[in-house]
Amino acid sequence: MINSLILVAAGSGSRMQASLNKLLLTCEGHPLIYYTLKNVFKSHLLSELVIVTKPEERPVFESIVSSIPHRVKVLFAQGGEDRAGSVKNGFSLVSKDSDKVLVHDGARPLVDGETIDEAFQAISEENPAVAVGVPCIDTIKKVEEGRIVETPERSSLFRAQTPQGALTGLFQRAVDFLARGGTFTDDASVLEKLGVPVQLIPGKEKFFKVTTPEDMERLGQMLRKDRCPFRVGQGYDIHRFDDSRPLHLGGLKISDTGGLLGHSDADVLLHAIMDALLGACGLPDIGHYFPDTDDRFEGADSSRLLAEVKEIIENEGYAVGNIDSTVIAEKPKLAQYIPAMKERIAGILDISPMDVGIKATTNEKLGAVGRREGIAAMASAIVFRRSN
Ligand code: CTP
Ligand code: MG
C-alpha cells in the first residue's frame, strides 16, 4: 500500500503582510513549516511526501526537512499559479503505483499524525474520498449586498480543513478536471463536482489555517502551552580588584575603596544574576544588552541595569520565581551585608527577599580569587511564564 501526501507550500502568504512566505516566518524558534512537517512525519501510514514549493524557496525547505528525522521518501515539486496549480504539480510526482493520496496545506501546522492516518484509513473502494472538517459553532448567514438572504441549518454545516484526498486513480480524474479551469478552494469540492462521495471525518480546531498575523499570534500561544512553564538559568561573573574604586556588591555600596575593575560599577553579583535571568529566558547575555564598548554604560549603576533586565524578561512573558547566588571572595567579610543585599535585589525585581538567596564563601586561598586578585559570583534563577 503506497500512501502519498502532497504538502502545498508554494503560496506567498499575502494576507500575512510579511516580506516572506508565511510558512518561513519564525514562530517560537522555528519556521512555521517546521511544525507542519514535524507533525506530518508523525503519520505511521505515510509512504511518500511531495512538497510543493517555489523554486527559489526549495533550498530552505530542504534544509528544514533534513533537520527533522523521518523515514518516508520526500520529493519536491514546483509551485503553481494558484493552490490548485500547486496540487496538480505535486500530483505529477506522486508514484505511479500510489494507492491513496491526501493533500495538506502547509499553513496548517498543528495537524496531527493520527488524523492523517485516520484519513488514509477512511479511504476505501466504498468510501473513495475523504475530507477533514469541524462542525460550525457559529450560525452561518448567506449575505448578499449587505443583507442576510438565508440562514442554512447549522447542524449540517462543517468547516473543511485539510488533509483531504482520495484513491489515487480517482484523484487523477480530479486533477484532469481541474486542468479544464474553474475555481476551487479545496480538493474535496472538485471531487464533489465529479459526483464522487466524499466522507467527512472529524478534524480539530487546532488544525486552523495560519492566514493572518492574528493567526500567527494564536499559533505562538498554542506552541508555548506545550512547553515547560518554568525555566532555569545560571550566570557567572568575575572582576579583578581595583583598590581605588568603590566596592559595589548586590546593589549596595559597601565601601569607598577596595572595589572592582569594570566598565560599569563592576557589581559582580548583580551581573551574575542578570545573566542567570536572561539565560533562563533563552536570551543573549548582558554583554549583548549592555556592551562595554558603549559609553552609556561607563560607570553604570548595575541596579538600573537589573531593573532593565526585569523589563526585558517581562516583555518576553516571564516573571522571576527565585534566585540563588554565591559570592566567592577572600575579602571583605560579607555576612553583615547580605540581608540588605537581599532587600535591595528583591525590591528591584519585585519579589520577596525570601526568594533571593545570597551566600558568601572564600576560595580557600586557591586560585586567583584565593590570591585576593578579585571577586567572583555565581547565580541561578527560575523564571515562569506569566502569559501565554
Ligand atoms: N499554496 C500553494 N501554491 C499557491 C498558493 C497557495 O502551494 N500558488 C499553498 C499555501 O502555501 C498554503 C496553502 O496553499 O500552504 C493554503 O493557501 P493559503 O492559506 O491561501 O496561503 P497563501 O496563498 O500563501 O496565502 P494568501 O492567500 O494570504 O496569499
Ligand atoms: Mg491563497
Side-chain angles (χ1 to χ4, degrees), residues 4-27 30-41 43 46 48-65 68 74-94 101-112 115-116 119 131-134 159-165 171 174-175 178-179 181-191 203-220 222-223:
S4 318
L5 190 139
I6 301 167
L7 187 66
V8 281
S12 49
S14 50
R15 284 169 287 178
M16 192 59 75
Q17 293 156 4
S19 53
L20 197 64
N21 178 0
K22 63 185 176 185
L23 303 184
L24 297 177
L25 296 176
T26 300
C27 188
H30 291 292
L32 187 156
I33 194 70
Y34 167 89
Y35 300 103
T36 317
L37 285 163
K38 203 170 66 118
N39 287 324
V40 165
F41 285 141
S43 157
L46 182 67
E48 62 175 10
L49 176 66
V50 179
I51 305 174
V52 189
T53 67
K54 291 195 183 118
E56 65 273 23
E57 290 175 353
R58 182 174 158 171
V60 43
F61 276 84
E62 277 175 336
S63 79
I64 297 166
V65 168
I68 309 169
V74 178
L75 298 157
F76 285 88
Q78 192 162 323
E81 277 291 296
D82 54 12
R83 185 183 180 282
S86 289
V87 172
K88 179 171 164 277
N89 292 356
F91 188 73
S92 71
L93 291 194
V94 165
V101 62
L102 293 175
V103 179
H104 182 64
D105 288 329
R108 297 182 191 271
L110 299 184
V111 65
D112 58 35
T115 304
I116 293 173
V132 166
V134 285
R159 285 183 289 125
Q161 301 175 319
T162 68
Q164 303 185 354
F171 203 85
V175 169
L178 266 177
T183 346
F184 297 93
T185 51
D186 71 349
D187 314 286
S189 49
V190 188
L191 293 156
K204 291 177 186 163
E205 286 297 334
K206 68 172 184 174
F207 298 172
F208 70 99
K209 184 157 69 71
V210 178
T211 307
T212 61
E214 291 73 47
D215 295 331
M216 202 61 157
E217 185 55 36
R218 182 179 169 200
L219 174 65
M222 295 178 79
L223 291 169

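Worth saying up front: this structure is predicted, and the values here are computed from it rather than measured. All ligand and atom numbering here is 1-based and tracks the order in the structure.
Under the rule for a salt bridge (Lys or Arg N to Asp or Glu O under 4.0 Å), the partners of R58 that lie at least two apart in sequence or sit in another chain are E62. With sequence neighbours left out, the salt bridge (Lys or Arg N to Asp or Glu O under 4.0 Å) criterion links E57 to no other residue. For K54, the salt bridge (Lys or Arg N to Asp or Glu O under 4.0 Å) criterion is met by no residue, not counting sequence neighbours.
With hydrogens and angles ignored, the 3.5 Å screen pairs no side-chain donor or acceptor of N89 with any backbone N or O of S86. Panel note: side chain D112, backbone T115; a donor-acceptor pair is recorded below 3.5 Å.
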message = Walk me through whether F61 and V52 qualify under side chain to side chain contact (heavy atoms under 4.5 Å, CB included).
response = CA-CA 10 Å; F61 276 84; V52 189; over 6 Å; no

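Listed as neighbours of ligand 1 are V8, A9, A10, G11, S12, G13, S14, R15, K22, L23, G80, E81, D82, R83, S86, D105, G106, A107, K209, each bearing a heavy atom under 4.0 Å from the ligand.
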